[in-house]
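So the structure is just underneath, and the comments pick up after that.
The residues of the chain are indexed from 1 along the displayed sequence. Numbering of ligands and ligand atoms starts at 1, following listing order. Values in this document were obtained by computation on a predicted structure and should not be read as measured data.
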Amino acid sequence: MHRSEPHVLAERVEHAYAMHLPPGKGFLPPVVPVDVLPDVFARYQHACDALPSRFGEPGGGIRPWLDSLFSRHDPAVTQAIDRLSPMERQKAMTVLCTLAHTYRWEKTPPDQAAFELKRLTLPPGIDEPWTHLARVLWQPRVGSLWNVALCNWSLAFKPGGSDYSADELTLENLRFTHGWLNPPLASALEVFMLTFVETEARGVAVIQRSLDLVRSVADNDVQAILSCLETLDEAIKTMNHVFYKNIRARLIDPAAWNERIKPIYGWGLDTGEGTLEGASGLQLGAIQCADAVLGIENETFLPRAVAESRKYMPEGHRQFLSAMDTVRSLVPRYIRENGNAPLTQRYNLCVDSLRAWRQAHQRRGALYLCGNGAGPMGGTTGMAIRDSEHAVEEFHAMMQGRIGETMNAHIPVTADAQPTRVAI
Ligand code: HEM
């Protein structure tokens with residue numbers, strides 16, 4: 001039987017979804033992140049547990065402490081890495097990333113010297129297993145959103161390794177596992193990091209509705225397309241709500257975020273493999289999925305940075321997003337060619353909802369970047385924003401470009417006809 005191009009595309013994304021994302025979990029781990037590692041990793045976990053009291057101490061400085069703890073590499077650790085299960089490997093990566101990032105920044109707020117650092121020599125006991133693990137995982141040797149946030153949580157009522165439902169992942173139920181700050185900052189850090197987890201949890205519905213939409217377009221089923229656009233819009237709004245409710249001064253103090261929280265999840269240092277980014281919102285999968293299904297154009301700096309940042313995402317996530325890239329023009333082209341008012345309006349409402357997230361991110365992000373910006377990267381993220389003097393203006397302009405691209409996806413409503421089937 002002849003398969004139309006839309007059917008081939010729909011099958012491709014459905015296949016990629018089934019192959020590369022755990023069912024019902026989207027860009028989150030397949031099970032609750034594991035709690036424990038084999039004994040040989042105990043000293044790494046203990047060091048992580050002790051980090052907040054040392055790293056968060058005024059005037060602290062953790063390099064001498066970590067240098068003495070990890071002055072020697074134990075080959076048993078690298079051998080043990082080879083025997084770990086996939087989720088244990090992610091846990092070990094999260095632990096090592098946390099130690100390495102705190103070592104890189106040394107204390108919080110970091111000294112000027114940490115911003116100016118050109119090279120970093122990690123103690124062998126961290127350097128060797130971290131390098132080995134990154135190689136085994138086919139990941140760059142740096143913290144990523146995946147390890148520092150998306151695999152770094154627990155649920156009070158479910159042990160590590162157990163199955164969970166994305167609906168259970170709410171700020172109330174989640175705990176951030178490996179933090180690096182003492183109270184009261186620990187709570188701001190926790191809310192910030194868990195916002196990414198919660199966003200991906202609500203993003204599961206965005207992915208599923210995106211796939212439904214692609215399928216209904218391939219089937220040329222106008223009633224189904226209308227309903228999919230409606231449910232996709234609801235899913236995007238629900239995902240947006242996570243940002244609106246969490247990113248507020250009452251839960252995360254902007255000055256503390258800028259000075260104490262922001263630097264540590266970025267890396268921004270060349271350690272021989274080019275400048276590595278570290279964790280960032282650029283690595284959030286559900287938003288990229290919504291961009292792809294709505295066919296948002298990708299010409300400005302920011303979407304190029306998002307594409308570049310995919311190398312920090314797990315291989316399966318990249319594969320799924322690459323498949324989504326192939327359907328970019330499918331939905332808007334169908335709607336343009338149909339010229340049907342209800343369809344067009346519902347599609348435009350989805351675009352508006354995505355724009356609303358970007359506007360909130362632009363407004364609140366500017367508020368957070370306004371905090372006390374000490375040091376060459378003080379007002380910046382170390383990635384897209386590099387000029388600390390004009391960080392807010394730079395940020396605003398960059399986000400405005402992306403908002404403009406999002407709005408360009410709007411399709412003019414040309415006819416007020418009833419939904420009809422069209423030739424595709
Ligand atoms: C509150 C403080 C925040 C600030 C100042 C901020 C700043 C930025 C900046 C400067 C970028 C460009 C890349 C970079 O240099 O990192 C960016 C991108 C991004 N951020 Fe944030 N961000 C904040 C919070 C968040 C949160 C909580 C989320 C997700 C829940 C998020 C999601 C994203 C996404 C998805 C992008 C890619 C751009 C897009 O698709 O529109 N950000 N952010």
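Under 4.0 Å from ligand 1, the heavy atoms of M399 that appear belong solely to its side chain. Counting heavy atoms closer than 4.0 Å to ligand 1, residue W357 contributes side-chain atoms (C-beta onward) but none from N, CA, C or O. Residue-level proximity to ligand 1 for I252 is absent, since no heavy atom of it falls below 4.0 angstrom.
The shortest distance between side-chain heavy atoms of W105 and F55 falls below 4.5 Å. In this structure the side chain of L122 reaches within 4.5 angstrom of the side chain of R141, judged on heavy atoms. Side-chain contact between E11 and R215: present, with at least one pair of heavy atoms (C-beta onward) separated by less than 4.5 Å.
Residue pairs meeting the side chain to side chain donor-acceptor pair (under 3.5 Å) criterion with at least one partner in residues 287-297, sequence neighbours excluded, are Q288-R310, D291-R358, D291-R402, E297-N408.
Residue R358 places a heavy atom under 4.0 Å from ligand 1.
For ligand 1, the atoms lying closer than 4.0 Å to a non-hydrogen atom of I247 are 1 (C), 27 (C). Numbered from 1 in the order shown, with element, the atoms of ligand 1 that lie under 4.0 Å from a heavy atom of T195 read 27 (C), 30 (C). With ligand atoms numbered from 1 in the order given, ligand 1 contributes 4 (C), 5 (C) to contacts under 4.0 Å with heavy atoms of G365. Of all atoms in ligand 1, numbered sequentially from 1 with element shown, those under 4.0 Å from a heavy atom of T199 are 30 (C).
Judged by the 6.0 Å distance and 45° axis criteria, K262 is not positioned over the aromatic ring of F192.
Applying the side-chain contact (heavy atoms from CB on, under 4.5 Å) criterion to E299, with sequence neighbours excluded, gives E405.
In this model, no donor atom of one side chain and acceptor atom of the other lie less than 3.5 Å apart for Q283 and S144.
With F301, Y368, F395, F192 as candidates, the residue nearest to atom 24 (C) of ligand 1 on a non-hydrogen basis is F192. Among Q288, E277, H361, R202, the residue whose heavy atom lies closest to atom 42 (N) of ligand 1 is H361.
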